[in-house]
Amino acid sequence: MGLAKRIIPCLDCDKGRVVKGVKFVDIRDAGDPVEVAKRYCDAGADEITFLDITASHEDRNTTVETVRAIAGQVFIPLTVGGGIRTLEDIRTMLNAGADKVGINTAAVNNPEFVREAAARFGSQCIVVAVDAKQVSAEGEPLKWEIFTHGGRNPTGLDAIEWVKRMVDYGAGEILLTSMDRDGTKIGFDLALNKTVSQAVQVPVIASGGVGNLQHLAEGVLDGEADAVLAASIFHFGEYTIKEAKQHMASRGIEVRL
Amino acid sequence: MNKVAVIDYGMGNLHSVAKAVEHVGRELGEETEVTVTPDANLIAAADRVIFPGVGAIRDCMAEINRLNVGQIVEEAMKTKPVLAICVGMQALMQHSEENDGVDCLGFMQGKVRFFGEPLLNNEGQRLKVPHMGWNEVSQTQKHPLWKNVPDNSRFYFVHSYYVESTDTKKITGVTAYGKEVVATLADDNIFATQFHPEKSQTVGLTLLRNFLQWDGQT
């Protein structure tokens, strides 16, 4: 027995409200991130990721208050991503109670930011989030590129080279989202995930494409993920965290039950 | 009134540990006052002390030395229960090989070492570093802080360096990650954890609750 593979539900929040819908039975306010986070924590989630999609800078104070409220009630690790651009942003989130921050576009715009952030706050709290898309044609050796802005903007960066560089700069964990699979419910991009996981020493969280429990298990068994992140399959009550863990355990994966 | 001081020497997020202690204090139904402070007088006035730490050891030790935190901890250890967490535990050792070698407080015998690469499990699979996530802790000695914590419970770890204790009778819990790793140490009225009880949900909160009720005796 040893370290458990983690299951991480992700909450997308806009101005302090959970969006993309959460449909639990018997939940008082499915839009309240504090209540939803608490529910997941009680259900056995191993961590919570809070993705802030609030567009305007002014509304970000709401986000900080939400993070503070979640951290006061949820005693498992909390990662906050979305709009983290400066060392001050990181400090604000950590002081509000986040354990880790996810850095995505700001790393692409200024890779040195990751180095500075890791030096200042420690690698353990710096998660570099990458959005990758396959750019090789059929029959060619597999190749993925980093995209920003929800997969709209190509960066010219090779995904594998990029994650290696980010780990070199001090990233303590990689949150890897396949933009080809995000929202499709056909499963993770296992080849992408496996290639990234083998390329770096730090843990990799697989994200994008989960539609059923088999997908979660495949992410670990075939994609060599250290953790799996999912949103909609949990939010809409299709599966509980417990069912996910039981399925993974039945496939021989070590989980925290 | 149960007064708990969390030593603040400027390293990282102390909100989590303070919130978790307040939470278990409320559950116990007793008045618990949690102060996050670097002030030696306030710490001296507390009933119990938490010595946390995250990030790189060199930066932690620099601040510990600058603010004389070592002396504060040493004083506290003489008279009241102390809980050291993560890098707080590592700082108690003699030396760490992180950051090209850093001298630590030397309150406990042993060194802090890098996990190394390649790190393999029993099946020969490569293990990632940092050791991040929920791992089982085997309780190698009875201790009041283990009360109501089932043996082999999973706690949340995040670290790339581990404690190698040369005073093995102080080890109260171990975990496995490529090798046997010290999870907890105890010595008189100090208890130290490599994992984060404040992030370890039910079992972590139980351990914190035990700390709030601990008289420092074993």
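To find a chain, count down the sequence lines: A is the first, B the second, and so on, and within it residues start at 1. Note that this is a predicted model, so its numbers are computed, not measured.
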Of A:Leu3, A:Val202, A:Val204, the one forming a side chain to side chain contact (heavy atoms under 4.5 Å, CB included) with B:Lys128 is A:Val204

Could you tell me whether the side chain of [Y] reaches within less than 4.5 Å of the side chain of [X], counting heavy atoms only?
| X | Y | value |
| --- | --- | --- |
| B:Gln201 | A:Ile76 | yes |
| A:Phe75 | B:Ser200 | no |
| A:Glu254 | B:Glu136 | yes |
| A:Asp99 | B:Lys199 | yes |
| B:Lys19 | A:Arg68 | no |

Counting heavy-atom pairs under 4.5 Å with chain A, the top scorer among B:His131, B:Met132, B:His23 is B:Met132

Comparing B:Ser16, B:Ser160, B:Ala176 against chain A, the one with the most heavy-atom pairs below 4.5 Å turns out to be B:Ser16

Side chain from CB out, backbone as N, CA, C, O: work out which of these in [X] comes under 4.5 Å of a heavy atom of chain B, or both, or neither.
| X | result |
| --- | --- |
| A:Ala227 | neither |
| A:Ala96 | backbone |
| A:Asp46 | both |

Output the option from [options] having the highest count of non-hydrogen pairs under 4.5 Å with chain B.
| options | value |
| --- | --- |
| A:Gly122, A:Pro203, A:Ala71, A:Gly72 | A:Pro203 |
| A:Ser197, A:Ala119, A:Ala98 | A:Ser197 |
| A:Lys100, A:Met93, A:Arg91, A:Lys5 | A:Lys100 |

query: More than 12 heavy atoms of other residues, nucleotides or ligands under 6.0 Å from CD of A:Glu112: is that the case?
result: yes

Worksheet item: Counting heavy atoms not belonging to A:Lys38, are there more than 12 under 6.0 Å from its NZ?
Response: no

Under 4.5 Å to a heavy atom of chain A? For B:Asn121 that would be neither

Minimal heavy-atom distance between A:Val200 and B:Arg126, with the atoms involved, is O-NH2, 3.0 Å

All heavy atoms of B:Trp134 vs all of A:Arg6, minimum pair found to be CD1-CG, 4.2 Å

Separation between CG (B:Leu119) and CD (A:Gln201), nearest 0.5 Å, reads 7.5 Å

